[in-house]
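Just so we're on the same page: letters track the sequence lines, and every chain starts at 1.
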2 protein chains.
Amino acid sequence: MKWGELEEEPCSMARTIGVIGDRWTLLILRECFLRTRRFEGFQSSLGITRHLLAERLKKLVRQGVLRRIPYQDSPKRHEYILTQKGLDLYPIMMAIVHWGDIHMVDARGRPLLHEHRKCGKDFHPVMVCSECGEPLLAKEVHTHPGPGARRNSPSAAPENPKAKTEAKAKTEAKAKTKAKTKATTRRRAA
Amino acid sequence: MKWGELEEEPCSMARTIGVIGDRWTLLILRECFLRTRRFEGFQSSLGITRHLLAERLKKLVRQGVLRRIPYQDSPKRHEYILTQKGLDLYPIMMAIVHWGDIHMVDARGRPLLHEHRKCGKDFHPVMVCSECGEPLLAKEVHTHPGPGARRNSPSAAPENPKAKTEAKAKTEAKAKTKAKTKATTRRRAA
DNA sequence: TCGTTAAGTTCCAATCTAGAACTATCGCGT
DNA sequence: ACGCGATAGTTCTAGATTGGAACTTAACGA
């Protein structure tokens, strides 16, 4: 699966991963939330190669997560700031930081604390249900298909995100060994 | 920065990214939360190459996110299940899915809905402050160094988990050599 | 004129990934 | 007994991605 395909998948998680699912992008976004805005700022604080940084920034701009705005004209210079779409990534960042705070700290404790301006206290993020306000537990959540779910036509299901290996079955001569009546799980959509 | 170094960083986010910060790992974890447990299950639903799948599973087991448990003895077979450490990744997964639901859906709507067993309703996850219960906004949060903040720097840079290029030292000696021939192609652009 | 800052580009070598084949074991059908 | 299929990997090669460092462009200040 290539990066491009990821965004076409009928899965919000896959699509999001297509946007932020690589280590440098995530780190760049961390810097954005720590108020870094300029190319050199990202480069020196992350130690990313200039080449990749330019690439990733371009991609984030293309995807509407960052906006590139000029801050001087003389030699055209720009800075990168989070759009609303980018700011909305905040819960993801906090969830990641929190997991690290719980499971990856050494004996000395957390590297960074977070203070909530509203209540003035150091906090940790808690994910709750929008309907009842209770903290979410994986086992208390049941998933079911929504309106955007994949409807695989009963007769024609050639482009399935799964079964990649079969789709490429054009190497007929060599693949024939396996190409027997491969009684795969052929199920029809209800 | 290599993958290994990431986990040494004095930043919970970098450390977490060292564990789950690549596209396949995230996708594998999605499958785990959707109750996939076996090698073939992951392979066929994700279309990941067997080679990478084996590698990633091994890494997740090493890091304590998954546990490898035998489910039959004849030809030794194992399945991979989430440990508590792995289950704790749930908020990250939900945050990622939610962002996708908001920003990456097509006209048909969300591919997957989530029902909270406790209250019986379809919900979306909300991240709140553990202290006051209010939803978290990026601008209402202030970060400050905690006990595990960067060790070596005596001058203790305030709020700065960065500055990791220290060893690189800007290519000091060579940086000056290049200044030689640059004035040759000098012309003004209207 | 030199040196510096800022934001990229370009180039080559080192890694990593995709895709397909191969290995190993056991249980089954004939 | 023999071959087949299912499961879980491992190996191999070619192509894609990354890392590292130099080079470019443009303007400013000493």
Check: Would B/Arg77 count as a cation-pi partner of B/Phe39, with NZ or CZ less than 6.0 Å from the six-membered ring centre and within 45° of the ring normal?
Finding: no

Margin query: With nearest nucleotide decided by heavy atoms, which residue, B/Tyr71 or A/Asp73, maps closer to the 5′ end of DNA chain D?
Written below: B/Tyr71

Notebook entry, point to check: Where each residue is assigned the nucleotide of DNA chain C containing its nearest heavy atom, which of B/Lys76 and B/Leu52 is assigned the position nearer the 5′ end?
Noted result: B/Leu52

Item checked: B/Arg23 side-chain N/O to C/dA18 phosphate OP1/OP2 under 4.0 Å -> yes

Check: Could you state the CD-P distance from A/Glu79 to C/dA7, rounded to the nearest angstrom?
Finding: 9 Å

Check: Should A/Arg68 be listed as having a side-chain N or O under 4.0 Å from OP1 or OP2 of C/dG8?
Finding: yes

Margin query: Measuring to OP1 and OP2 of D/dT18, would you say a side-chain N or O of A/Arg56 lies under 4.0 angstrom away?
Written below: yes

Check: Hey, does B/His51 reach any base, or is it just sugar-phosphate, or nothing, if we go heavy atoms under 4.0 Å?
Finding: base

Notebook entry, point to check: Between B/Gln43 (CD) and D/dA6 (P), how many Å, whole number?
Noted result: 14 Å

Check: Hey, is the side chain of A/Arg50 pairing donor to acceptor with the base of C/dA7 inside 3.5 Å?
Finding: yes

Checklist line | Separation of C/dT17 P from A/Leu6 CG (nearest whole Å) | finding: 14 Å

Check: Within less than 4.0 Å of OP1 or OP2 of C/dC16, is there a side-chain N or O belonging to B/Trp24?
Finding: no

Check: Can you find a pair of side-chain heavy atoms, one from B/Leu87 and one from A/Lys139, that are under 4.5 Å apart?
Finding: yes

Next item on the list: May I have the distance from A/Ile48 (atom CD1) to C/dG8 (atom P), rounded to whole angstrom?
Entry: 13 Å

Margin query: For D/dC28 and A/Arg77 - does any side-chain N or O of the residue sit under 4.0 Å from the phosphate oxygens OP1/OP2?
Written below: no

Next item on the list: Specify the separation, in whole Å, of atom CG of B/Leu53 and atom P of C/dA18.
Entry: 12 Å

Checklist line | C/dA7 phosphate, OP1 or OP2, under 4.0 Å from A/Lys58 side-chain N/O | finding: no

Item checked: Nucleotide nearest A/Thr49 (side chain, heavy atoms from C-beta), chosen from D/dG19, C/dG8, C/dG19 -> D/dG19

Notebook entry, point to check: B/Glu40 CD to D/dG9 P: how many Å, rounded?
Noted result: 10 Å

Next item on the list: Check the angle between the aromatic planes of A/His103 and A/Trp99 and answer parallel, tilted or perpendicular using the 30° and 60° thresholds.
Entry: tilted

Check: Would you find more than 12 non-hydrogen atoms of other residues, nucleotides or ligands less than 6.0 Å from A/Arg23 atom CZ?
Finding: yes

Note to self: I want to check one thing: is the phosphate of C/dA6, taken as OP1 and OP2, less than 4.0 Å away from some side-chain N or O of A/Tyr80?
What the structure shows: no

Check: Which word best sums up how the rings of A/Tyr90 and A/Phe33 line up, parallel for under 30°, tilted for 30 to 60°, or perpendicular for over 60°?
Finding: tilted

Notebook entry, point to check: Expressed in angstrom and rounded to an integer, what is the separation of B/Asp22 atom CG from D/dA16 atom P?
Noted result: 20 Å

Item checked: Distance, rounded to the nearest Å, where B/Phe39 contributes CZ and C/dT25 contributes C1' -> 16 Å

